[in-house]
Colleague: 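Take a look at this one; I'll ask things after.
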Amino acid sequence: MPTVCCFPGGVNVWSITPEERGKHDKQFDTLAPILGYVSGEQARKFFLQSGLPASVLADIWNLADMDGDGKMDRLEFSIAMKLIKLKLQGRNLPSALPIIMKQLPASNSGSSFPSSARFGLPLSGFSSPMNFSPSTGMSKANSLLDLGSSSNSPKTGTNDWAVPQASRLKYRQQFNTLDKLMSGYLSGPQVRNALMASNLTQTQLATIWSLADVNKDGQLLADEFILAMHLVDMAKTGHPLPLTLPQDLDKLKENFARGSAELEKRRLTLEQEQRKEREKRAREEKEAHERREREAREQENRRRLEEERWLERQREMERQRNEERLRELERKEAAKLEMERQRREEWECGRREELSRKREGEQEEIFQLRARKRSLELELEAGNKHKQISDCLRDAQSKRRIQKAEVDLINQKRDARIAEINTLQLDVSEKGLTCRRLKGQLDILEQETTDKLAQMEQYKKELQVDLDVDEDTVGEPGWLCGSYRGNRGWFPQIYAEKCTAASAIENAPTSHGSSLTLLARAISSWSASTEAHLKLFSCGDLISVLQQRDDWWLGQINGTQGWFPKSYVTLETKYVALYTYESPEVGDLTFVEGDVVIVTEKEGEWWRGCIGDQTGVFPSNYVRPVEPEASRLGTLAKKPEIAQAVTTAKSPMMHQLGLSPGQLIVVLAKNSTGWWLGELQARGKRRQRGWFHSSHVKLLGPSSCKSSPSPLPGPCPLSRYYPDSSVCQVIAMYGYAAANKDELSFSKGQLINILDKTNSDWWKGEAGGVIGLLPTNYVKMTTESDPSQQWCADLMALDTMSPQERKRQGYIHELIQTEETYVEDLELVLEVFYRPMSESGRLTDTEMAVIFVNWRELILCNTKLLKALRVRKKTGGENMPVQLIGDLLASELAHMQPYIRFCSCQLNAAALLQNKTYNTPDFKDFLKKIATNYRCKGMPLSSFLLKPMQRITRYPLLIKNILENTPDGHADRFSLQEALDRAEELCSQVNEGVREKENSDRLEWIQSHVQCEGPIEHLVFNSLTNCLGPRKLLHSGRLSKTKSSRELWGFLFNDFLLLTHSTKPFSSEKLFSFQTSGQLKMYKAPLFLNEVLVKMPPDPSSDEPLFHVSHIDRVYTLKTETLNERTAWVQKIKAASEHFIETEKKKREKAYQARSLKTSGIGRLLVTVIEAQELKACKPNGKSNPYCELTMGAQCYTSRPISDTLSPKWNFNCQFFVNDLYQDVLCITVFEKDQFSPDDFLGRTEVPVATIKKELETKRAANRRLLLHEVPTGEVWVKLDLQLYEPIK
């Protein structure tokens, strides 16, 4: 026990005075207690104001927190404040809490709260509603540091606390008035007003509540309320409140306890009886229910038996009726046959009589005709003479008419001659004027012709070049073999004439004194604007300069010549070192005598050049220009050396060559440092010159050989160095050991250069510097002739592929290549045709829209597809096989809806273009002029406008070829089949759109005449719906609302119902007429048909044509003009709604089946898509409704969409079965949920399963950040966990 210290006068130092307790309670209220308690954090901040160390405050907390619950009520808080005050006065803390500190203060002063406030519920029930809490703005003077002592209050004597009977009746009546719910008790808020009317302090009211609430349940029963009101009256008369109930009131407490126990006992008994009654009632109800069910079953059995007996009777009666009916039919059939026989006999008798009468009539006619014949013969003999006279008269009349016609013709010719003479006399004077005018024009034309001839002569002189003709080489008649500027080949004899040596010198180019060709390095890209310019070169390309004129030079690159500005290049000239130059200065170029230096910049006496990977400055007098051997007369050109790259070499500098194994290089010069200058030979690519290190190559042959005439230039770049062969490259399929000396040995996979292919069975080749014969069936073609190596750089991997996989990869490569070409053509139309036509002003904006429709949308669709294909190809590696492509095609083909609108409007575009071309010659000439661009390859605009339709129809063919060469168990087969279905569906939709021209025109009319707002502000009506294919207009017409009689115009599509209104009267004849200028406005948001229910009125026979359309929580009552129109609206809305709902149901079932496929594999991949950030905004408000789709082969999962956000948090979990560790690819695609059109694409990212496995080997599953491709912004955070199954032993 702690030592008890007392002050002089007998006061214990550890006791808490009522004044201190009141001050502590005020400070307690400033901390905003919750349910009568303050937390440790609230008390900590307050106690730290004392300045005591944290360890001391922790000891004080342990002493004051008596119940150890981590929070303090008013008593514990007061004890802690007392201990802090004593510690500040220099006293030591007791080891245990003194008992006197746990007791209440001796005084009954109203300035302190009773300990009953610790229960919190009644105190907070009063203090919070009645705002008894002290102000939280207490100054720091009332802080914990202001702990002054105060004297004890005087003790009060005992009083008579018995409640008078009159007061009990009054308080009971007041209790009944407040207990409006007749619950038998009052809560704190119900008692608040009655206690506030006493005007007592908060402390007094809290003490009264603590004394009156005997059972501490936070509610006042009737007796407790009477006691509380009695204590209020006693306090108002000045009597101090006791700390405990007086003896008179203790009896009340005991009685209340006994009464409560009795009530509890009765309540339990009553509950038990009620429970038994409920159980009994439940049993009775169960028995009654079972009895009713049994009776119902018996009744149902009886009814079923009765129905069966009745059905049996009906069947028997029906059988009898059928038999009777058959007998009746047989009787009728027999009677019918008898009647038919009788009719036939009667008809035959009548027919015989009719034929006999007819024969008699014919015989009588024959007699009459014979008599007529005799009479006519007599008349003919009498009329022959009359006929002869008539014939003579007709001949005379005919001659007279002929003579008269001849006279009239002569008169007409005479009049015509006279008129012609008069006309010629007038023309003579006019011809004189015309002749003089034509003579003047002729003079002008002759002058222009003279000038043009002079220009042509000048241009001819400029074009004249000197060719070295090898007269010893004999070719075809009319052809000569010659060389020009280092190039050798055949040319027509009529294109040149023989000149003397003097004229050759005279005609030599003035810019160069010898045949040395200057080399220039491009410092920026250049594109030709006219045909005379050099077509195209990029930064870093090497150009041969043939002629220099002021600021324009004539150059050659990749076999093409043209003019270009000299500011786009810098000259590079080869010089040879005369002396060795060494310098310790940084930035100087050092070399030894004989080294070849490429000079890139000349400035004064110091030039800048490069040798291999070294660049720097050097003195110009240390070098001289390289003299080409061809400039020496009478010497033969030395055959250059050929080297083959054996290792990969990158080109970090502009003047260096990048090499790949197997490439061939013509060696132009060698330096002592091991760096060689050469020209890279690659089929189909521009030839590059630059430095390379000799360690990366091997020489293929000797540096010189016998000179022989070069053949015609062929496709192989080495044909000019091996003129007697067609040089190409092959790869060995099998190893071969030479059996003879002239044969070549090689191993499987070795590259061999073919020098001679004269013999079809044995070719001459070179490998490793050894030349010999090899069997042709042991090798196969490589890069130069095998197209497979365009998509596979790994020759060994290509060799191990099956023929089916090779075909598959070839078709995939064809798809990607043709897609690139197609996108280039689309962009070409925009640059070459659209922009000049728009800027020329020859067509209005409407006409431009009719011709090009939505060309930019087509570019956007195919650009997205091309980007996806390139990313997929890059994922597998450059020039490597593509394992999966079906998922990309299936995804992107679903967003090709702009083709439906374009193809359906193509006929209008072609008609307008043809009309403009035929009726406007100026427009026709303008189109021809812009079509002369070299990129058009001679094709007009109309040909390019057909390319979208051609491309759409080609997709199914390409995909079908890939699918046919994909094995059944391949991971890509299911996706390819889906892509083929979508491609064929797209073609059918396009064809249907072309066929439904009227529907397309009406959709275009709605697009231009209906003003949309809100969610459909940017809706394209003539496009695809979200899941129902192309949008179709099913019905339209005038409607009106029944209540307001407001006129509406309704448009029913296959996905939603749109109600519009007009600002001015609008007749039905103007609907879908492009001549009308009226506009319609959207009345309400579109009603999606999968959310509507159409109903007829309760009385369908009513004459009023009404029907109801229910949409979610709203009903539209509409009125049509006729009953037939109402029937049409109701039937079409109902049919479209059922089709919409059925389509969505099938889509959900298909997705569920794909997820529920039972599959086995080598493991599973657990994926959690956590969130996405910085997605592309698709909505006008700068937000999107994104969701993500995860696929791996045929397995597919879709998350829920998140509305109006660019950073959705999905936390979506799914798992995939892994079938092939090196072919399976996890694809995550983010879409924008769109109700009116197919979901918009927000990005895609792919992760091969092999990459996931490699990363998980170094670290466990963790969150990964994946960037979205094919879009400008966006990223996805995922968690990946790969679990591979253990092999079965």
Side-chain angles (χ1 to χ4, degrees), residues 854-868 871 887-888 890-902 982 986 1003 1007 1010-1031 1053 1055-1056 1058 1082 1085-1086 1088 1090 1144 1147 1169-1191 1196-1210 1212 1227-1246 1266-1278:
N854 55 345
W855 196 269
R856 295 181 186 273
E857 295 181 11
L858 303 185
I859 295 178
L860 183 61
C861 290
N862 288 88
T863 302
K864 288 171 59 179
L865 173 59
L866 182 58
K867 285 183 178 179
V871 170
D887 55 338
L888 294 182
S891 174
E892 295 301 333
L893 287 173
H895 298 84
M896 292 289 187
Q897 66 271 18
Y899 278 91
I900 299 176
R901 182 185 179 195
F902 178 84
R982 292 193 176 181
L986 179 61
L1003 292 177
Q1007 187 78 50
V1010 176
Q1011 299 178 7
C1012 299
E1013 299 174 353
I1016 65 171
E1017 181 179 359
H1018 304 284
L1019 170 64
V1020 178
F1021 287 94
N1022 193 7
S1023 64
L1024 284 182
T1025 62
N1026 185 267
C1027 62
L1028 298 174
R1031 183 168 288 105
F1053 303 94
D1055 57 341
F1056 64 88
L1058 179 64
M1082 186 176 68
F1088 285 96
N1090 61 338
E1144 284 193 329
K1147 184 178 180 181
V1169 184
I1170 303 173
E1171 62 176 342
Q1173 296 178 357
E1174 299 179 359
L1175 296 179
K1176 182 181 69 173
C1178 294
K1179 299 173 66 176
N1181 61 356
K1183 301 292 184 180
S1184 295
N1185 299 331
Y1187 73 93
C1188 65
E1189 181 180 274
L1190 293 86
T1191 59
C1196 179
Y1197 293 90
T1198 304
S1199 73
R1200 69 186 189 283
I1202 307 297
S1203 301
D1204 292 333
T1205 181
L1206 298 181
S1207 300
K1209 299 183 183 298
W1210 291 302
F1212 177 66
C1227 181
I1228 303 176
T1229 310
V1230 183
F1231 294 99
E1232 151 78 9
K1233 187 65 177 178
D1234 195 335
Q1235 294 177 314
F1236 298 97
S1237 61
D1239 300 335
D1240 196 7
F1241 178 77
L1242 298 182
R1244 178 188 291 109
T1245 184
E1246 297 177 351
L1266 303 176
L1267 294 178
L1268 294 177
H1269 303 291
E1270 308 168 42
V1271 287
T1273 178
E1275 60 185 28
V1276 177
W1277 287 86
V1278 298

Colleague: Name all residues meeting the side-chain hydrogen bond (donor to acceptor under 3.5 Å, both in side chains) criterion together with S1237; count only those two or more places apart in sequence or in a different chain, and write none if there are none.
Modeller: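 Checked S1237 against side-chain hydrogen bond (donor to acceptor under 3.5 Å, both in side chains); matches are D1234.
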
Colleague: Decide yes or no for F1231 and S891: does some side-chain heavy atom of the first lie under 4.5 Å from some side-chain heavy atom of the second?
Modeller: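 Yes, their side chains come closer than 4.5 Å.
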
Colleague: Could you work out, with side-chain hydrogen bond (donor to acceptor under 3.5 Å, both in side chains) as the rule, every residue matching E1189, not counting sequence neighbours?
Modeller: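 For E1189 there are no side-chain hydrogen bond (donor to acceptor under 3.5 Å, both in side chains) partners, ignoring immediate neighbours.
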
Colleague: Got a second to check how far C1012's SG is from F1236's CZ, nearest 0.5 Å?
Modeller: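 So the SG of C1012 and the CZ of F1236 are separated by 9.0 Å.
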
Colleague: Under 6.0 Å between ring centres, would you say that holds for Y1187 and W1210?
Modeller: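 No.
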
Colleague: Given 3.5 Å as the limit, does a donor-acceptor pair link the side chain of E1270 with the main chain of G1243, or not?
Modeller: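 No; zero donor-acceptor contacts below 3.5 Å.
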
Colleague: State which residues pass side-chain hydrogen bond (donor to acceptor under 3.5 Å, both in side chains) with D887; sequence neighbours excluded, sorted by chain then number.
Modeller: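 D887: side-chain hydrogen bond (donor to acceptor under 3.5 Å, both in side chains) contacts with R872.
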
Colleague: Check for a donor-acceptor pair, side chain of R1031 on one end and backbone N or O of T1025 on the other, with a separation under 3.5 Å.
Modeller: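 The answer is no, because no donor-acceptor pair under 3.5 Å joins these two groups.
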
Colleague: Centre-to-centre under 6.0 Å for F1088 and F1053, is that the case here?
Modeller: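 Here the rings of F1053 and F1088 have centres that are no less than 6.0 Å from each other.
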
Colleague: Please list, chain by chain and in numerical order, all residues satisfying side-chain hydrogen bond (donor to acceptor under 3.5 Å, both in side chains) with N1026, sequence neighbours excluded.
Modeller: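 Checked N1026 against side-chain hydrogen bond (donor to acceptor under 3.5 Å, both in side chains); matches are D1239.
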
Colleague: Backbone N or O of C1188 within a donor-acceptor pair of the S1199 side chain at under 3.5 Å?
Modeller: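 A pair under 3.5 Å: yes.
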
Colleague: Who pairs with Q1173 by side-chain contact (heavy atoms from CB on, under 4.5 Å), at least two apart in sequence or on another chain?
Modeller: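 Only E1171, S1207, E1275, W1277 meet the side-chain contact (heavy atoms from CB on, under 4.5 Å) criterion with Q1173.
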
Colleague: Say you draw a straight line from CZ of F902 to CG of N854; how long is it, rounded to the nearest 0.5 Å?
Modeller: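 Output value for this atom pair is 7.5 Å.
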
Colleague: Taking side-chain contact (heavy atoms from CB on, under 4.5 Å) as the definition, give me every residue that meets it alongside Q1007, ordered by chain and number, with sequence neighbours left out.
Modeller: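 In terms of side-chain contact (heavy atoms from CB on, under 4.5 Å), with neighbours along the sequence ignored, Q1007 is linked to V1020, F1021.
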
